[in-house]
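Report on one structure; see the data block that follows.
Convention: sequence-line order gives letters A, B, ...; per-chain numbering from 1. Worth knowing before you read on, the calculation uses all heavy atoms, side chains too, and leaves out hydrogens, waters and symmetry mates. Here the structure is a predicted model, which means the values were calculated and not measured.
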Protein chains: 2
Amino acid sequence: MSAAAPSVVPANSSAPRDTARIYSIAELAREFGITARTIRFYEDEGLIKPRRQGLTRLYSAGDHTRLGWILRGKRLGFSLAEIKELLDLYHVDRTGNQQLRELLRRSRLHIAELERRMRDLDAHIAEFREVETQVAAELEARGVDPESDD
Amino acid sequence: MSAAAPSVVPANSSAPRDTARIYSIAELAREFGITARTIRFYEDEGLIKPRRQGLTRLYSAGDHTRLGWILRGKRLGFSLAEIKELLDLYHVDRTGNQQLRELLRRSRLHIAELERRMRDLDAHIAEFREVETQVAAELEARGVDPESDD
DNA sequence: CGCCAACTTGACGTTTACGTAAACGTAAAC
DNA sequence: GTTTACGTTTACGTAAACGTCAAGTTGGCG
């Protein structure tokens, strides 16, 4: 491995902000714990569009953020198709009133969906906290140290 | 269709409580908005085990609850395998100290996972609320009624 | 009795989200 | 110069979660 910190960022003062950072596909893969294949697949599906230098893909800070967003969406149980829709929501043309109203409508719909999930999640958490409490109490009553490993 | 409002709860006091209710597979499917095929699939995967009367499946109130739980898990983005694991957590043997400690450990792990999802969800909701606010403000500034359809 | 509606068990098809392998280019390292 | 590391495309494979027939059974109804 030999460190190989690929800081492509020049030590210059004017530019090398975090926002100017460029990532290779392997870097992104490592950082997010996915494979390069996955990232290319997301590109095939139209979720990311990295710059190209010849054939090689170059990912900007924006792509980095976008990928993080995608993976968060996945953790929340959205399909890639849904995530693409949501991403596109951001980048929709916002000049026309009709467009804006549609964006508002979609946003509200999505928020409602998220709030439904929030309620599901609350219920789920409450149940497992209940289990935790009960079991901890039972162990306590038995005089057992809940943390010990034997 | 003929209405068929499923308030089967008799006004009787003694026996046929809601907990004694028995459901057919089609009833469950209708109520939860899934197909009978799905329910049978869950059974194949070991997520539900309805009684049988001959070949026909009979679902108890417990099965009903269980199915609701499964679907909530799905909405939260858990796989059927994960959901099965979680369901089994409840029904684990709770006699031994070692078993109890394991249950406690697993519960805590799962709660941590749920809390991570909660943070994801919070972040997601915050972003979309932001969009909503911005867009609503923009429409307001333009003197457009956000609700009108033209 | 015939018939329909609702149930059953296979078995194969489909979509999603990637994994895996082949075959190749490029560029630094030994 | 060739190995090593990383990149590329193309293409087929696969696991999960069902959908979609096909073919048979069962219970009630006119």
Side-chain angles (χ1 to χ4, degrees), chain A residues 1-8 22-60 63-64 66-87, chain B residues 1-4 6 8 22-60 63-64 66-87:
Chain A
M1 302 281 171
S2 76
S7 60
V8 187
I22 286 175
Y23 304 82
S24 74
I25 194 168
E27 273 180 306
L28 279 188
R30 267 196 303 276
E31 179 173 346
F32 287 106
I34 58 183
T35 70
R37 172 70 180 88
T38 298
I39 300 179
R40 291 193 199 100
F41 178 75
Y42 291 167
E43 184 175 346
D44 288 343
E45 298 296 303
L47 294 177
I48 333 180
K49 258 188 231 307
R51 263 171 55 213
R52 293 271 186 149
Q53 179 179 283
L55 285 184
T56 305
R57 294 163 171 86
L58 299 181
Y59 297 87
S60 69
D63 293 326
H64 180 274
R66 200 176 172 88
L67 183 54
W69 205 94
I70 292 168
L71 296 175
R72 197 179 67 195
K74 282 212 58 188
R75 285 198 301 273
L76 291 174
F78 291 102
S79 74
L80 292 187
E82 288 170 317
I83 291 171
K84 178 170 162 51
E85 264 203 83
L86 296 176
L87 280 172
Chain B
M1 301 276 169
S2 78
V8 188
I22 286 175
Y23 304 82
S24 76
I25 194 168
E27 271 179 309
L28 278 188
R30 267 195 306 276
E31 178 173 346
F32 286 107
I34 59 183
T35 69
R37 173 69 180 87
T38 299
I39 300 179
R40 291 194 199 99
F41 178 75
Y42 291 166
E43 183 174 346
D44 288 343
E45 297 299 301
L47 294 176
I48 332 180
K49 258 189 231 306
R51 263 173 53 214
R52 295 268 185 151
Q53 178 179 285
L55 286 183
T56 305
R57 293 163 173 87
L58 298 181
Y59 297 87
S60 70
D63 293 327
H64 180 275
R66 201 175 169 90
L67 182 54
W69 205 93
I70 292 169
L71 296 176
R72 197 178 69 195
K74 284 213 58 188
R75 285 197 301 273
L76 291 175
F78 291 102
S79 74
L80 292 187
E82 288 170 317
I83 291 171
K84 178 170 160 51
E85 264 203 82
L86 296 175
L87 280 171

Residue pair A:Trp69 / A:Leu87, side-chain heavy-atom distance below 4.5 Å: yes
Close side-chain approach of A:Phe41 and A:Leu80, heavy atoms under 4.5 Å: yes
Gap between atoms [atom1] and [atom2], on [X] and [N] respectively (whole Å):
X	N	atom1	atom2	value
A:Ile48	C:dA17	CD1	P	14 Å
B:Leu47	D:dC18	CG	C1'	13 Å
A:Arg51	D:dT8	CZ	P	14 Å
B:Phe78	D:dA17	CZ	P	13 Å
A:Arg40	D:dT9	CZ	C1'	9 Å
B:Ile70	D:dC18	CD1	C1'	14 Å
B:Glu27	C:dA5	CD	P	18 Å

Hey, does the side chain of [X] come within less than 4.0 Å of [N]'s phosphate (OP1/OP2), counting only N and O?
X	N	result
A:Thr38	C:dG19	yes
A:Thr35	C:dG19	yes
B:Lys74	D:dA17	no
B:Arg52	C:dT9	yes
A:Tyr42	C:dA17	no
A:Thr56	C:dT26	no

Most 5' of A:Arg37 and A:Leu58 on DNA chain D, judged by nearest nucleotide: A:Leu58
Proximity to the side chain of A:Ser79 - top-ranked nucleotide from C:dA17, D:dA17, D:dT8: C:dA17
Watson-Crick or G-U counterpart of C:dC30, or none if no pair lies under 3.5 Å: D:dG1
Sugar-phosphate only, base, or nothing, as touched by A:Arg57 at under 4.0 Å among non-hydrogen atoms: sugar-phosphate
How far apart are the closest heavy atoms of [X] and [Y], and which atoms are they?
X	Y	answer
B:Pro50	B:Leu58	CB-O, 3.5 Å
B:Ile22	B:Arg51	CD1-NH1, 3.6 Å
A:Glu45	A:Lys84	O-CD, 3.4 Å

